[in-house]
Enquirer: 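One structure, as structure tokens, below. Some questions next.
None of these values were measured; they are calculated from a predicted model.
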Amino acid sequence: MSVPEHLWRFPTQAAITSLATRFGLPNTPQMQDWEWEVADPERIDEFLEAYETTETTEDELFVLMEMLLQSFCNAQLDLSQDVRWSRVVDHLNERAELHAHTIWYWSCLDTGDLEQLWPVTPCVRGILSRHLR
């Protein structure tokens, strides 16, 4: 995925360690994409609640959003009917600058084949066009 270099942002080890502790998640050196590996549709409510607390750092918010997006992809839900998804979209719209890398990445602009898109991609593309184009 070609995210513009000036928007690159990656999970910090401090944020991963903090969230792993908070949620009792595995965190081993072998985990390459921790935020996607620990994503869990059964824990969307917990992840969303943590995102919405005032005790969460910007680095943690960034990682939590990645976890939420992957969790929704894994859930195979009708996003248009899920109130939690609406909250995630609101957060992406409200903090588009913080999540610019995430929005670009999940927009999959280098793919036009609808069969290869993630379930969240069409909505995230709309956020990209509103905030980051």
Enquirer: Taking the side chain as every heavy atom from C-beta outward, state whether L77 and W85 have any atom pair closer than 4.5 Å.
Expert: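 SC-SC contact between L77 and W85 ruled out.
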
Enquirer: Within the 4.5 Å heavy-atom criterion, are C123 and L79 side-chain neighbours or not?
Expert: no

Enquirer: Looking at side-chain heavy atoms only, is the closest gap between P11 and W34 below 4.5 Å?
Expert: no

Enquirer: Surrounding CD of E49 (heavy atoms of other residues, nucleotides or ligands, distance under 6.0 Å), is the total greater than 12?
Expert: no

Enquirer: In terms of heavy-atom contacts, does CD of E42 have more than 12 from other residues, nucleotides or ligands at under 6.0 Å?
Expert: no

Enquirer: Any heavy-atom pair between the side chains of D33 and Q70 that's under 4.5 Å?
Expert: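 Side-chain contact under 4.5 Å: no.
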
Enquirer: Short question: side chain of S71, backbone of D40 - any donor-acceptor pair under 3.5 Å?
Expert: yes

Enquirer: According to the interplanar angle, ranging from 0 to 90°, do the rings of W118 and W106 count as parallel (below 30°), tilted (30 to 60°) or perpendicular (above 60°)?
Expert: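 Aromatic pair W118/W106 classed tilted.
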
Enquirer: Is there a side-chain contact between V63 and E66 (heavy atoms, below 4.5 Å)?
Expert: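 The answer is no; the side chains never approach within 4.5 Å.
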
Enquirer: Check whether any side-chain heavy atom of L25 lies under 4.5 Å from a side-chain heavy atom of M67, and answer yes or no.
Expert: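 Contact flag for L25/M67 side chains = yes.
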
Enquirer: Between T53 and E55, is any side-chain donor less than 3.5 angstrom from a side-chain acceptor?
Expert: no

Enquirer: So does Q32 get a backbone contact from the side chain of E37, meaning a donor-acceptor N/O pair under 3.5 Å?
Expert: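 Side chain of E37 to backbone of Q32: a pair is present.
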
Enquirer: Is there side-chain contact between L69 and H99, with heavy atoms separated by less than 4.5 Å?
Expert: no

Enquirer: Do R43 and V38 make a side-chain contact, defined as non-hydrogen atoms from C-beta onward lying under 4.5 Å apart?
Expert: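 Counting from C-beta outward, R43 and V38 never come under 4.5 Å.
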
Enquirer: How far apart are the C-alpha atoms of R9 and L98, what are their side-chain angles, what is the distance that settles it, and do they pass the side-chain contact (heavy atoms from CB on, under 4.5 Å) test?
Expert: CA-CA 9 Å; R9 182 174 187 153; L98 171 65; 2.9 Å; yes

Enquirer: So, T17 side chain and A14 main chain: donor-acceptor pair closer than 3.5 Å or not?
Expert: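 Pair absent, no side-chain N/O of T17 close to backbone of A14.
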
Enquirer: Between the side chain of W104 and the main-chain N/O of L128, is any donor-acceptor distance below 3.5 Å?
Expert: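 No: the side chain of W104 does not pair with the backbone of L128.
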
Enquirer: Rounded to the nearest 0.5 Å, how far apart are CD1 of I127 and CG of L92?
Expert: 4.5 Å

Enquirer: Nearest 0.5 angstrom please: Y51 OH to L64 CG, how far?
Expert: 8.5 Å

Enquirer: Supply the atom-to-atom distance I16 CD1 to E35 CD, rounded to the nearest 0.5 angstrom.
Expert: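 Answer for the CD1-CD pair, I16 versus E35, is 6.0 Å.
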
Enquirer: Is a side-chain donor or acceptor of R95 paired with a backbone partner of F62 at a separation under 3.5 angstrom?
Expert: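 It does not hold such a pair.
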
